[in-house]
Amino acid sequence: MPGIGTRRRGCVLVDEGHESPAAAVFDALGSEYEKAFASSAAHRASLGWLLDRLEPASRVLDVGSGTGRPTAAVLAGAGHRVLGIDVSPVMVEIAARQVPEAEFRCADVRRTALEDGSFDAVCVYFALLQMPRAEQAGLLRRLARVLKPGGLLALATVPLDVEGFDGVFMGQPVRVTSFAAEDVIALVRGAGLTVESQDSVMFTPTHPDARPEPHLFLHCRREPAPPAD
């Protein structure tokens, strides 16, 4: 695959020696991130939305796959073929150990070759928040293209109108960029996706340094191909 570097500890690394800020944060958090978000009923409900609509043995891309739980574990456990991509070597190692029935790559999805129309579904759970706004918009357009016509996209984010905000997340310094809810929805629609349902909740991660935060879950579909004349 273009841009793939050497292997280390079972992970495929991209641009070795140029660790991203997101990789540093999630390498430090490791399994603590999974514990902090394990009680999210909205995340489980979002996965249920996908499971109710996916055909057997669907191919699913999990962007920002983390420890593999719950997303990859739930989908692979239901018999779907899951590819998880994450920039954190630590997260990918944990995921590969916890969900051996799925495939995981340590890579930056923005620089990973993905074939158009090759996935039945894409999951993007909180994976955009450390990208600039232009890159978030561009990645959403690209992920829409990798879906098959009629394919599904589940997205979750923290819907706040902030750009380059320096804060602390579970004890780790982070720079966060996001959009207000209506702007996230506009981005998704601009990528050629129809929003079929949405859920807004307040959630407090299970961590001493965590605070309540708004979560927005969008469930979308790529427009089916027009019928042939």
Side-chain angles (χ1 to χ4, degrees), residues 14-15 17-46 62-71 84-95 106-111 122-140 142-143 153-188 190-191 198-218:
V14 172
D15 294 339
H18 299 280
E19 185 180 65
S20 73
V25 170
F26 288 100
D27 278 353
L29 290 176
S31 59
E32 290 303 308
Y33 181 85
E34 178 186 326
K35 295 174 185 176
F37 286 82
S39 64
S40 174
H43 193 154
R44 295 281 180 176
S46 180
D62 183 10
V63 177
S65 46
T67 66
R69 294 176 178 166
T71 303
I85 295 179
D86 201 291
V87 294
S88 164
V90 171
M91 289 294 202
V92 170
E93 287 185 10
I94 295 171
C106 188
D108 188 327
V109 70
R110 293 168 292 185
R111 296 192 292 271
V122 173
C123 297
V124 194
Y125 291 116
F126 305 105
L128 304 178
L129 293 166
Q130 292 189 68
M131 298 180 189
R133 283 180 169 174
E135 292 188 8
Q136 292 187 38
L139 181 58
L140 281 173
R142 184 167 176 237
L143 294 176
L153 182 140
L155 178 146
T157 190
V158 178
L160 297 175
D161 186 8
V162 294
E163 187 169 8
F165 174 78
D166 290 317
V168 177
F169 173 68
M170 291 176 57
Q172 299 298 316
V174 293
R175 174 164 290 183
V176 175
T177 293
S178 191
F179 297 86
E182 61 271 20
D183 295 323
V184 177
I185 294 170
L187 279 182
V188 168
Q198 62 188 79
D199 187 18
S200 297
V201 300
M202 291 297 296
F203 179 76
T204 304
T206 307
H207 188 273
D209 297 326
R211 298 178 180 179
E213 54 190 46
H215 287 177
L216 173 67
F217 289 80
L218 299 180

Thr67 side, atom OG1; Phe37 side, atom CZ - distance, nearest 0.5 Å: 11.5 Å
Evaluation steps, side-chain contact (heavy atoms from CB on, under 4.5 Å), between Tyr33 and Arg69: CA-CA 10 Å; Tyr33 181 85; Arg69 294 176 178 166; over 6 Å; no
Between CG on residue Asp27 and CD on residue Glu93, distance to nearest 0.5 Å: 9.0 Å
Which pairs of donor and acceptor atoms, one on a side chain in residues 200-215, lie under 3.5 Å apart (sequence neighbours left out)?
residue: His207; atom: ND1; partner: Asp209; partner atom: N; Å: 3.0
residue: Glu213; atom: OE2; partner: His215; partner atom: NE2; Å: 2.7

Working for side-chain contact (heavy atoms from CB on, under 4.5 Å), residues Val92 and Val87: CA-CA 8 Å; Val92 170; Val87 294; over 6 Å; no
Evaluation steps, side-chain contact (heavy atoms from CB on, under 4.5 Å), between Val158 and Leu216: CA-CA 6 Å; Val158 178; Leu216 173 67; over 6 Å; no
Derivation and outcome, side-chain contact (heavy atoms from CB on, under 4.5 Å), residues Val25 and Val174: CA-CA 7 Å; Val25 170; Val174 293; 3.8 Å; yes
Partner residues of Tyr125 under the side chain to side chain donor-acceptor pair (under 3.5 Å) criterion, sequence neighbours left out: Ser46
Pairing residues for Asp199 by the salt bridge (charged side-chain N to carboxylate O under 4.0 Å, His left out) criterion, not counting sequence neighbours: none
Partner residues of Ala28 under the side-chain contact (heavy atoms from CB on, under 4.5 Å) criterion, sequence neighbours left out: Gln172
Shortest non-hydrogen contact from Leu153 toward Leu143: CD1-CB, 4.3 Å
Any residue meeting side-chain contact (heavy atoms from CB on, under 4.5 Å) with Ser31, in chain and number order, not counting sequence neighbours: Lys35, Ile94
Side-chain donor or acceptor of Arg142 paired with backbone N/O of Val109 under 3.5 Å: yes
Within-4.5 Å side-chain heavy-atom neighbours: His43 and Phe217: yes
Side-chain touch Gln130/Phe169, heavy atoms, less than 4.5 angstrom: no
Donor + acceptor pair across side chains of Asp62, Thr71 (<3.5 Å): no
Gln136 (side chain) donor-acceptor with Thr177 (main chain) under 3.5 angstrom: yes
By side-chain contact (heavy atoms from CB on, under 4.5 Å) - contacts of Pro173 (at least two apart): none
Any donor-acceptor N/O pair, Ser65 side chain to Gly68 backbone, under 3.5 Å: no
SB check Asp161 Arg133 (cutoff 4.0 Å): yes
Nearest-0.5 Å distance that lies between atom CG in Asp108 and atom CD in Glu135: 8.0 Å
Heavy-atom donor-acceptor pair, Asp86 side chain to Met91 backbone, under 3.5 Å: no
Smallest separation among heavy atoms of Leu140 and Leu187, with atom names: CD1-CB, 4.1 Å
Shortest non-hydrogen contact between Ala127 and Gly64, atoms and distance: CB-CA, 4.0 Å
Shortest non-hydrogen contact from Ser178 toward Pro159: OG-CA, 4.2 Å
Student check: side-chain heavy atoms of Arg44 and Pro70 closer than 4.5 Å: yes
Any side-chain heavy-atom pair of Phe165 and Leu160 under 4.5 Å: no
Interatomic spacing from OG1 in Thr157 to CG in Leu218 - rounded to 0.5 Å: 8.5 Å
